[in-house]
Visitor: 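Take this structure, written in structure tokens, and hold onto it; I'll ask about it next.
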Number of protein chains: 2
Amino acid sequence: MYQQAQEENSAEKPRRRSRIREAHEQKILEAAEQVFAHKGFNGATIEEIAEQSDLSKQNMLYYFASKEVLYQAVLRKIFHLWLDSLNLLGQQGEDPATMLSNYIRGKLEISRTMPNGSKVFANEIINGAPHIKQYLKENLQPALEADVKLVKEWIAQGKMDDIDPYHLFFVIWASTQTYADFSSQIQLALDKPSLDSDDFTRAGDFLTHTLLKGIGLSS
Amino acid sequence: MYQQAQEENSAEKPRRRSRIREAHEQKILEAAEQVFAHKGFNGATIEEIAEQSDLSKQNMLYYFASKEVLYQAVLRKIFHLWLDSLNLLGQQGEDPATMLSNYIRGKLEISRTMPNGSKVFANEIINGAPHIKQYLKENLQPALEADVKLVKEWIAQGKMDDIDPYHLFFVIWASTQTYADFSSQIQLALDKPSLDSDDFTRAGDFLTHTLLKGIGLSS
DNA sequence: GTCTATAAGGGGATAGAC
DNA sequence: GTCTATCCCCTTATAGAC
């Protein structure tokens with residue numbers, strides 16, 4: 001799981017972050033996630049984030065020294081959650097259909113419970129990942145390659161159709177994240193003020209049915 | 001097809017936009033599309049757009065009175081292209097598999113040829129569509145409903161599986177647009193400096209195979 | 001249509017008292 | 001840790017000459 005990068009307290013010195021710092025940082029991160037999600041990096045103002053954290057702008061800057069630092073913290077938090085879910089394929093002993101099904105529903109669950117984080121991440125990627133490109137490169141590729149290798153084995157064993165594994169994952173990512181990132185469009189299309197858990201259930205049912213059957217894996 | 005909204009020259013008065021205005025507006029729109037795609041609305045500066053149009057900032061403002069006006073022009077251009085492609089289902093006389101296949105490949109072609117426009121639109125939707133919500137509401141729903149109705153007829157006629165038509169379209173939109181919007185992530189995953197037309201062919205092959213088969217339509 | 005000059009305001013960040 | 005005050009750059013937009 002993700003660990004705060006600042007946790008460098010070594011050995012005897014119990015230099016733990018105070019309870020108040022812990023609480024404030026948490027509040028700030030949540031507020032920042034929301035504001036960045038709705039305004040983008042440049043559209044967000046540290047003033048608005050501070051307001052939503054019940055802190056003054058200057059006091060907020062005491063905890064996160066700059067807008068850039070705060071943004072990086074938000075980005076990395078969601079990215080690690082996302083990377084963890086990529087490893088669902090690491091589950092041993094399950095059959096391919098169950099593993100992929102869990103994978104799809106796991107990604108959908110992130111979209112449902114962390115829509116703002118997902119939006120911040122999506123915004124960053126769309127703009128060419130200027131703040132996180134290197135970090136992404138180092139962490140995404142290895143995790144994806146492991147999954148791709150597994151799918152290739154399934155194909156070699158005749159367990160599923162001979163499809164391109166990379167595009168399978170691209171499509172799973174896109175079609176699960178769309179329920180977070182493009183929720184405003186989906187709400188308009190469905191004429192609903194917000195997406196509820198039934199909508200996500202329907203999405204999960206459709207996706208698992210269609211994708212598993214589509215690649216020859218339906219049980 | 002999309003028409004410039006300013007085309008209000010009526011009857012005898014040949015009040016046509018001068019050739020130079022036409023050319024400059026075109027250059028500006030292209031530059032704006034690119035800059036908005038990479039920086040978002042707030043991150044983009046009219047100065048940068050002007051530079052890429054080989055015009056001074058002030059001169060650019062002579063053609064588009066404000067950043068907001070320019071942004072709206074870019075948004076509407078791509079949105080209408082997008083809406084047109086939604087009507088591919090209006091093709092008569094084709095069987096369902098061919099119609100959906102054309103639809104998917106048409107959307108992919110927009111991603112390939114207009115990636116910047118797609119990104120601007122995606123950015124706007126992610127941020128909650130603040131600049132285009134009303135316009136989207138009035139135009140998206142009717143077009144989508146027509147397509148959904150058609151799919152429901154196919155289901156009633158037993159031509160395909162009984163899936164939720166709305167989610168079918170959400171997934172097609174997401175998985176075709178991802179090759180434009182999230183291209184930087186896909187490039188990292190594939191370890192390529194850019195996506196070429198072979199990548200789009202593979203994406204199209206994967207998508208048509210998987211989605212058509214997945215909903216019980218493969219011929 | 002294009003240029004120079006400039007108004008006007010927003011917003012990130014720092015200094016230093018308490 | 002929190003506050004008041006403030007600096008200063010960046011950016012949009014307008015005024016007006018040519």
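So you know, we letter chains A, B, ... as the sequences are listed, proteins then strands, and number each from 1. A quick note: this is a predicted structure, and the numbers were derived from the prediction, not measured.
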Visitor: In whole angstroms, how far is the P atom of dG11(C) from the CD1 atom of Ile49(A)?
Guide: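 Going from Ile49(A) (CD1) to dG11(C) (P), I get 12 Å.
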Visitor: Check the distance between dT12(D)'s P and Leu61(B)'s CG and give it to me in whole angstrom.
Guide: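 To the nearest whole Å, that distance equals 9 Å.
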Visitor: Which whole-number value in Å describes the distance from Tyr62(B) OH to dT12(D) C1'?
Guide: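 That distance rounds to 20 Å.
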Visitor: Could you check how far CZ of Phe64(A) sits from P of dG12(C), rounded to whole Å?
Guide: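 After rounding, the gap between these two atoms is 16 Å.
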Visitor: Rounded to whole Å, how long is the line connecting atom CG of Asn59(A) with atom P of dA17(C)?
Guide: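 Computing the Asn59(A):CG to dA17(C):P distance gives 18 Å.
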Visitor: Taking everything shown except Lys149(B) itself, do over 12 heavy atoms lie less than 6.0 Å from its NZ?
Guide: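 No, not enclosed.
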Visitor: Which nucleotide sits closest to the side chain of Ile46(B): dG11(C), dT12(D), dG1(C)?
Guide: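 Minimum distance to the Ile46(B) side chain belongs to dT12(D).
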Visitor: Specify the separation, in whole Å, of atom NZ of Lys57(A) and atom P of dC3(D).
Guide: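 Atom NZ in Lys57(A) sits about 14 Å away from atom P in dC3(D).
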Visitor: Honestly, is Lys67(A) close enough over Phe41(A), meaning NZ or CZ under 6.0 Å from the six-membered ring centre and within 45° of the axis?
Guide: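 Yes, cation above the ring, under 6.0 Å and within 45°.
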Visitor: Regarding Ile20(B), tell me which of base, sugar-phosphate or nothing describes its non-hydrogen contacts under 4.0 Å with the strands shown.
Guide: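 Here Ile20(B) touches the backbone only, sparing every base.
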Visitor: With a 6.0 Å cut-off on ring centres, are Phe182(A) and Phe121(B) close enough?
Guide: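 No: the rings miss the under 6.0 Å criterion.
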Visitor: I want to verify a distance call: between dG12(C), dT2(C), dC3(D), whose nearest atom is closest to the Ser56(A) side chain?
Guide: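 Closest of the options to the side chain of Ser56(A): dC3(D).
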Visitor: Counting heavy atoms from C-beta on, name the nucleotide in dT14(D), dT2(C), dG1(D) closest to the side chain of Gln58(B).
Guide: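 Among dT14(D), dT2(C), dG1(D), the one nearest the side chain of Gln58(B) is dT14(D).
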Visitor: Does Ala44(B) reach a base, just sugar-phosphate, or nothing at all? Heavy atoms under 4.0 Å.
Guide: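 Answer is sugar-phosphate: Ala44(B) comes under 4.0 Å of backbone atoms only.
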Visitor: Counting only side-chain nitrogens and oxygens, does Ser18(A) get under 4.0 Å of the OP1 or OP2 atom of dG1(D)?
Guide: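 For dG1(D), OP1 or OP2 has a side-chain N or O of Ser18(A) closer than 4.0 Å.
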Visitor: Provide, to the nearest angstrom, the distance between the CG atom belonging to Leu55(B) and the P atom belonging to dC3(C).
Guide: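 The answer, rounded to whole Å, is 8 Å.
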Visitor: Measure from NZ or CZ of Lys77(A) to the centre of the six-membered ring of Trp82(A) and say whether it is under 6.0 Å with the direction within 45° of the ring axis.
Guide: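 No, a cation-pi geometry is absent between Lys77(A) and Trp82(A).
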Visitor: On the six-membered ring of Tyr71(A), is Arg76(A) placed so that its NZ or CZ lies under 6.0 angstrom from the centre and within 45° of the ring axis?
Guide: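 Output no; distance or angle outside limits.
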Visitor: Would you kindly give the CG-to-P distance between Asn42(A) and dT12(D), to the nearest whole Å?
Guide: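 After rounding, the gap between these two atoms is 11 Å.
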